[in-house]
Every structure is written in structure tokens, then in C-alpha cells.
Amino acid sequence: AAAAAAAARSSARGAWGVVVRCAVVGLAWMAAAGEAACDEDGLADSRLRKWLYESEGGIGSGSLWLTLGGNVSAHGAALDCALRRAARSAVAPPIDTARVELRCASAACGEELARAAAAFVRARSGRYGVAVVVDAELAPTWPLKMAAAYFWGKTRCAHPTYLESEVDCSRLVWVLSTSFGSEALYRERARRGPRLDELVAAGGRRRWPSREAGSLAVKAP
């Protein structure tokens with residue numbers, strides 16, 4: 001167990017940047033996610049912790065969404081650490097155990113991705129859950145655009161094709177795992193602070209221009 005915890009901490013330290021947009025506060029935060037061990041509190045957890053506090057208090061204003069950038073291989077461990085710390089601080093149920101991964105790297109699986117996103121919403125109705133779109137920049141735009149428009153930042157979710165019955169989706173977290181900003185990994189001065197935030201946001205704007213991506217372009221960068 002000790003070895004596993006050490007490995008998780010080491011992996012988490014490699015997730016140089018996490019850009020997060022939260023439906024509750026409408027702000028972005030960036031931090032070197034995982035620089036602290038899982039049993040240590042990180043400044044970057046404050047937005048997630050606030051979201052959990054409000055969800056537990058019944059005053060949440062919708063699901064939360066995140067865009068992760070930098071070292072893709074470290075995203076899983078860093079995200080789990082952040083979720084555990086926030087849940088512990090907010091005295092909320094653990095939500096990292098309800099994490100699923102969605103994968104689609106070509107147009108051929110776009111329909112499957114859309115259906116998987118809707119199935120996740122349906123399965124976790126009224127409960128906490130975390131959906132991670134792996135290599136999100138490789139996925140076709142339209143299912144992500146659909147999810148952003150119908151599921152992100154919502155308290156109640158429905159879709160005319162994929163989710164006809166309205167469900168409670170207020171306690172869901174949507175994560176786009178991308179390599180945006182990875183070019184900064186070997187630039188010491190860009191690993192922390194506004195510079196990495198800018199690189200990840202710029203990557204999102206290039207990949208999902210507003211004229212094509214709609215709500216995704218507004219929310220993801």
C-alpha cells in the first residue's frame with residue numbers, strides 16, 4: 001500500500017498544469033497539480049472543494065467541467081488526488097471511485113462517444129460521478145460540443161436524441177484530458193503560473209474554434 005501511494009504521488013507530480021473552469025464560480029484556476037502528496041492540501045483544490053461544499057449543501061448551480069493539460073500520463077493520478085483532497089475537506093462522499101474513461105480518437109466512433117456520455121449521465125443521476133475524455137483533442141468535435149451544450153454546467157440534463165428523459169446531473173464532473181501546453185514541460189519558467197494557463201487555453205482555442213465548436217469553444221479552453 002505504501003509503495004502504491006508513493007507511486008501515485010510521484011505520478012501526480014508530473015501533471016504540470018490543470019486549467020479548470022467551474023460552473024459555480026465561473027473562474028479559471030491553474031496549478032501544478034499533484035506537487036503535494038495526496039494527503040496534503042493544495043491551493044488549486046479550492047474551486048473543486050467549493051463546488052463540493054455547495055453540492056452537499058443543496059445549493060450547487062450545476063455540474064463542473066475541467067480541461068487538463070501538460071503531462072497526459074500523470075492526469076489520472078493528479079485528478080484522483082485532487083478529488084480525494086476536496087472530498088475530505090468538504091466532508092463529502094469519495095467521488096474518485098465513480099470515475100469512468102471515455103475514448104474516441106476518430107470520426108468513426110463519434111456516435112459511440114455521444115451515447116457513452118449520455119449513458120454516464122443516466123447511470124449517475126442524482127449521484128456523484130467523474131467522466132474523463134481521454135486524448136480529448138483527438139476526439140471528433142460534435143459529441144464534445146453536444147456534451148458541453150446539454151450536460152456541462154447543468155443541474156438537470158436531457159437530450160432529444162440521446163437522453164430523452166430528464167435526469168439530475170448536478171453532481172457530475174466532466175474532464176477533458178489533453179496534451180495542450182505539453183511543450184512547456186521542458187521550459188522551467190512555464191511549468192507554473194499564468195504562462196501554462198495561457199498555453200492550455202490557446203491549445204483549446206486552436207482545436208475548438210468558436211465557429212465550429214459552439215459551447216465547447218466557450219467552456220473548454
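Residues: numbered from 1 along the sequence shown.
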Can you find a heavy atom in the side chain of [X] that is under 4.5 Å from one in the side chain of [Y]?
| X | Y | answer |
| --- | --- | --- |
| Val218 | Ser210 | no |
| Arg171 | Glu56 | yes |
| Leu68 | Val175 | yes |
| Leu83 | Leu48 | yes |
| Leu172 | Val130 | no |
| Glu101 | Arg103 | yes |

Between [X] (side chain only) and [Y] (backbone N and O only), is there a donor and an acceptor less than 3.5 Å apart?
| X | Y | value |
| --- | --- | --- |
| Lys219 | Ala148 | yes |
| Ser63 | Gly153 | yes |
| Ser177 | Val133 | no |

### Task
Is it possible for you to check whether Arg115 lies under 6.0 Å from the centre of the six-membered ring of Tyr162, through NZ or CZ, and within 45° of that ring's axis?
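No cation-pi geometry.
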
### Query
Between Trp174 and Phe151, how do the two ring planes meet: parallel, tilted or perpendicular, split at 30° and 60°?
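Correct class here is parallel.
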
### Message
Below 30° counts as parallel, above 60° as perpendicular, anything between as tilted: where do the rings of Trp65 and Trp152 land?
### Response
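Plane angle under 30°, so parallel.
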
### Query
Is it true that atom CD of Glu112 has more than 12 heavy atoms of other residues, nucleotides or ligands lying nearer than 6.0 Å?
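Atom CD in Glu112 is not crowded, with 12 or fewer foreign heavy atoms closer than 6.0 Å.
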
### Query
Applying the 4.5 Å side-chain criterion to the ILVMFWY set and letting contacts propagate, would Leu176 and Val72 be lumped into a single cluster?
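The answer is no; the residues belong to distinct hydrophobic clusters.
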
### ILVMFWY cluster, Leu144 and Trp142 together (side-chain gap under 4.5 Å)
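Yes, Leu144 and Trp142 fall within the same hydrophobic cluster.
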
### Query
Among Arg85, Arg99, His75, which one satisfies side chain to side chain donor-acceptor pair (under 3.5 Å) with Asp80?
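Testing each of Arg85, Arg99, His75 against Asp80, the sole residue satisfying side chain to side chain donor-acceptor pair (under 3.5 Å) is Arg99.
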
### Query
Under 6.0 Å between ring centres, would you say that holds for Phe180 and Trp208?
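Yes.
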
### Message
Under a 3.5 Å threshold, yes or no: a donor from one side chain and an acceptor from the other, between Arg207 and Thr141?
### Response
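Their side chains do contain a donor-acceptor pair, which is all the 3.5 Å distance test asks for.
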
### Query
Are Ser179 and Glu137 linked by a side-chain donor-acceptor pair shorter than 3.5 Å?
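Yes, a side-chain donor-acceptor pair sits under 3.5 Å.
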
